[in-house]
*Asks:* 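First the structure, then my questions, so here it is.
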Amino acid sequence: MKPIRLRRLRRAELPVDTVELARYMVGKIVVHDTGEGRLSGRIVETEAYPIGDAAGHAFRGETAFNRSSFLKRGHAHVYFTYGSSFMLNVSSEAAGVGAGILVRALEPLEGFDQMQRLRGGAGLRDLARGPGRLTQAMQINLSQDGVDLCGAGPLWLAASRLKTGAIGTSVRIGLTRNADAKLRFYERGNPYVSGPKKLRE
DNA sequence: AGTGCGATTGACT
DNA sequence: GTCAATCGCACTA
C-alpha cells in the first residue's frame, strides 16, 4: 500500500492548555516506525486530566510512576494498569507541572497486518478501539515512557490532511473521583471510538 | 509486609 | 448486556 505523506507536529503547534490539547488531538495521527514497518492511526477519542484534577495521576505529586507526565507538553507518559494494559498519555503542560491527555482510541491507517498480529488476530474495528488495545496494536509499552513525541524518534505525532468531524463531549470513562467532569472528547459517529453506541454519538 | 483498587479487556449469557 | 482476571502502585502499619 502506498505510504501516507505525514508531517510531524511541532511542539509550538500544541495548545498550551490541557483541555484544549485533548480536543485538538482528535483527528491527529500517532505514528510508530518499527523495524517491521510503519504503524499509524488517527486519534478519534481522548480524555483530559488537567492540573489539579483529583482523577489525574499527578494529583498526589510526582513519583517514579507518573514522572513523565511532568515533562513539558508533547512527551509520552505510558503506564501499566489492570495487570494487563498499557495506556498512552501525552503530557500537556510546562516542565514540572503534572497533567496530560489519555489517547483512548485510534482509527488504523497503516500497518494493518502487523497490528493484527500484535492484537492476536482481532478484526479491523477492534484493533485500536480502547486505550489498552491501541497500545498493543501500536507496539507501545513502558520502553516508550518519557519519549518526546515532538522529537525525531520513532514514535511521533503527525498532522492529518483529513477533515476532522464534529467533536462530541462526555464524562470520562471508568473513574470514581471527579467523575462528573465532561473531559472526554471524540469524533462523533466514528465507529473506532470505544464504548457502546451511546458514547459514540 | 499486607491490603485495596484501578484512566481495561475478553469471555460469556 | 454482565463479570472475573490480573499486578503494580499507593496507602496503612
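So that the names make sense, note that chain A is the first sequence line, chain B the second, and so on, each numbered from 1.
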*Asks:* Regarding A:D148 and A:W156, do their side chains bring together a donor and an acceptor under 3.5 Å, going by distance alone?
*Replies:* no
*Asks:* Would the A:Y79 and A:F86 ring centres measure less than 6.0 Å apart?
*Replies:* no
*Asks:* Tell me which residues in residues 178-201 of chain A put a heavy atom below 4.0 Å from DNA chain B, sorted by number, or none.
*Replies:* none
*Asks:* Would you tabulate the pairs of protein nitrogen or oxygen atoms and nucleotide nitrogen or oxygen atoms of nucleotides 9-13 of chain C closer than 3.5 angstrom?
*Replies:*
unit_1, atom_1, unit_2, atom_2, d
C:dA10, OP1, A:T63, OG1, 3.0
C:dC11, OP1, A:R60, NE, 3.2
C:dC11, OP1, A:R60, NH1, 3.1

*Asks:* Over all heavy atoms of both residues, which pair between A:T135 and A:L88 is shortest? Give the atoms and the distance, please.
*Replies:* CG2-N, 3.7 Å
*Asks:* Which nucleotide, B:dG10, B:dT8, B:dA7, lies nearest any side-chain atom of A:Q136?
*Replies:* B:dG10
*Asks:* Report the C-alpha separation of A:R73 and A:S91 in whole Å, then their side-chain angles, then the decisive distance to 0.1 Å, and conclude whether the side chain to side chain donor-acceptor pair (under 3.5 Å) test is met.
*Replies:* CA-CA 5 Å; A:R73 71 187 194 280; A:S91 66; over 6 Å; no
*Asks:* Would you mind classifying the nucleic acid contact of A:R177 as base, sugar-phosphate or nothing, using non-hydrogen atoms under 4.0 angstrom?
*Replies:* nothing
*Asks:* Would you mind checking if A:D53 and A:R172 are paired as a salt bridge, meaning a charged N to carboxylate O distance below 4.0 Å?
*Replies:* yes
*Asks:* Are A:H57 and A:F65, when compared by the centres of their aromatic rings, separated by less than 6.0 Å?
*Replies:* yes
*Asks:* Show me the dot-bracket string of DNA chain C, counting Watson-Crick or G-U pairs under 3.5 Å, with | for pairs to another strand and [ ] for crossing ones.
*Replies:* |||||.||||||.
*Asks:* Is there a donor-acceptor contact under 3.5 Å from the side chain of A:R119 to the main chain of A:M115?
*Replies:* no
*Asks:* For a quick check under 3.5 Å, do A:E187 and A:T164 share a side-chain donor-acceptor pair by atom type?
*Replies:* no
*Asks:* For the pair made of CG in A:D126 and C1' in B:dA11, what is the distance, rounded to whole Å?
*Replies:* 13 Å
*Asks:* How close or far is atom P of B:dT8 from atom CG of A:L88, stated in whole angstroms?
*Replies:* 14 Å
*Asks:* Would A:E110 and A:R42 pass as an ion pair if we require N to O under 4.0 Å?
*Replies:* no
*Asks:* Please indicate whether A:R10 has more than 12 foreign heavy atoms, meaning atoms of other residues, nucleotides or ligands, lying under 6.0 Å from its CZ.
*Replies:* no
*Asks:* At 4.0 Å (heavy atoms only), tell me whether A:I173 reaches a base, stays on the sugar-phosphate, or touches nothing.
*Replies:* sugar-phosphate
*Asks:* How close or far is atom C1' of B:dT8 from atom CD of A:E47, stated in whole angstroms?
*Replies:* 12 Å
*Asks:* So, A:H77 and A:S69: side-chain donor and acceptor under 3.5 Å apart, yes or no?
*Replies:* no
